[in-house]
Amino acid sequence: MEDKDLIAKALEAAETAWAPYSGFRVGAAVLLEDGTVVCGNNQENRAYPLGSCAERVAVNYARAAYPTLKIKAIAIASPDSEVPVSPCGGCREVLLEAVRAQRGRDIRVIMADRTGMNVRVATVEELLPFAFEFK
């Protein structure tokens, strides 16, 4: 699957996001190693910390429904953003946990704006350098 197709799925997922408080809809599309794509979107809650970001919804669903498959890439996009959407700190930590569960196999993070044309690509390791480690 090409990046543009994954971005399109993320933008499509964002359309049904529940974002009545911020008005900022975000979608995420996770590409698994067998070609399966799992999507998620942000789900806000009046009690702010109880909401979920699109990235966490998609990654957690992928890990729950397909626990033996590795995540190759995630596209994140918003129809409400003129700049590429970058994961928040909490989502970066969740993505790093997925990388660690995959025995260090990194995940491509594709960040796009509302057009899907303005794109940034990084790895989880690049987005979260010097991550906390404990043994």
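Just so it is clear, the values below take in all heavy atoms, side chains as well, and ignore hydrogens, waters and symmetry mates.
- Between Cys39 and Val37, the closest heavy-atom pair is SG-CG1, 4.1 Å.
- The minimum heavy-atom distance between Arg92 and Ser86, with the atom names listed, is NH2-OG, 2.6 Å.
- Rounded to the nearest 0.5 angstrom, Ser81 OG and Asn118 CG are separated by 8.5 Å.
- Both Met111 and Val99 belong to a single network of hydrophobic side chains, linked directly or stepwise wherever heavy atoms of I, L, V, M, F, W or Y lie under 4.5 Å apart.
- Once rounded to the nearest 0.5 Å, the distance linking CD1 of Ile76 with SG of Cys88 reads 9.5 Å.
- Leu31 and Leu95 fall into different hydrophobic clusters, where Ile, Leu, Val, Met, Phe, Trp and Tyr are joined by side-chain heavy atoms under 4.5 Å apart, directly or via other members.
- Nearest heavy atom pair, residue Ala19 against residue Phe24, reads CB-O, 3.7 Å.
- Contact record, Ala77 with Ala14: O-CB, 4.1 Å, taken as the closest heavy-atom pair.
- Separation of atoms CD1 (Ile7) and CD (Glu12) is listed at 14.0 Å; rounding is to 0.5 Å.
- Atom CH2 of residue Trp18 and atom OG1 of residue Thr16 lie 12.0 Å apart, to the nearest 0.5 angstrom.
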Under 3.5 Å donor-acceptor pairs involving side-chain atoms of residues 64-75, not counting sequence neighbours:
none

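- Minimum heavy-atom separation, Ile110 to Arg108: CD1-NH1, 3.8 Å.
- Legend: salt bridge (charged side-chain N to carboxylate O under 4.0 Å, His left out) pairs involving residues 14-24, not counting sequence neighbours, sorted by first then second residue: Glu15-Arg25.
- Hydrophobic clustering (ILVMFWY, side-chain heavy atoms < 4.5 Å, transitive): Val109 and Leu11 are in distinct clusters.
- Shown here for Pro87 and Leu127, the closest heavy-atom pair between the two residues is CG-CD1, 4.0 Å.
- Under the 4.5 Å side-chain contact rule for hydrophobic residues, Val94 and Val30 share a cluster.
- Here ring-ring contact (aromatic ring centres under 6.0 Å, His included) pairs that include residues 77-109, with residues two or more places apart or in two chains, number zero.
- Hydrophobic cluster membership for Val83: none, as no Ile, Leu, Val, Met, Phe, Trp or Tyr side chain comes under 4.5 Å of it.
- For the pair Arg63 and Glu97, the minimum side-chain heavy-atom distance is below 4.5 Å.
- No side-chain heavy atom of Cys53 sits under 4.5 Å from any side-chain heavy atom of Val26.
- No more than 12 heavy atoms of other residues, nucleotides or ligands lie within 6.0 Å of OH in Tyr61, so this atom counts as exposed by the packing criterion.
- Listed by first and then second residue, the side-chain hydrogen bond (donor to acceptor under 3.5 Å, both in side chains) pairs involving residues 42-60 are Ser22-Glu44, Asn41-Gln43 (not counting sequence neighbours).
- In the hydrophobic cluster analysis, where Ile, Leu, Val, Met, Phe, Trp and Tyr join through side-chain heavy atoms closer than 4.5 angstrom, Ile107 is grouped together with Val85.
- Within a 6.0 Å sphere centred on CZ of Arg120, heavy atoms belonging to other residues, nucleotides or ligands number 12 at most.
- For Phe132, the ring pair (Phe, Tyr, Trp, His ring centres under 6.0 Å) partners are Phe134, not counting sequence neighbours.
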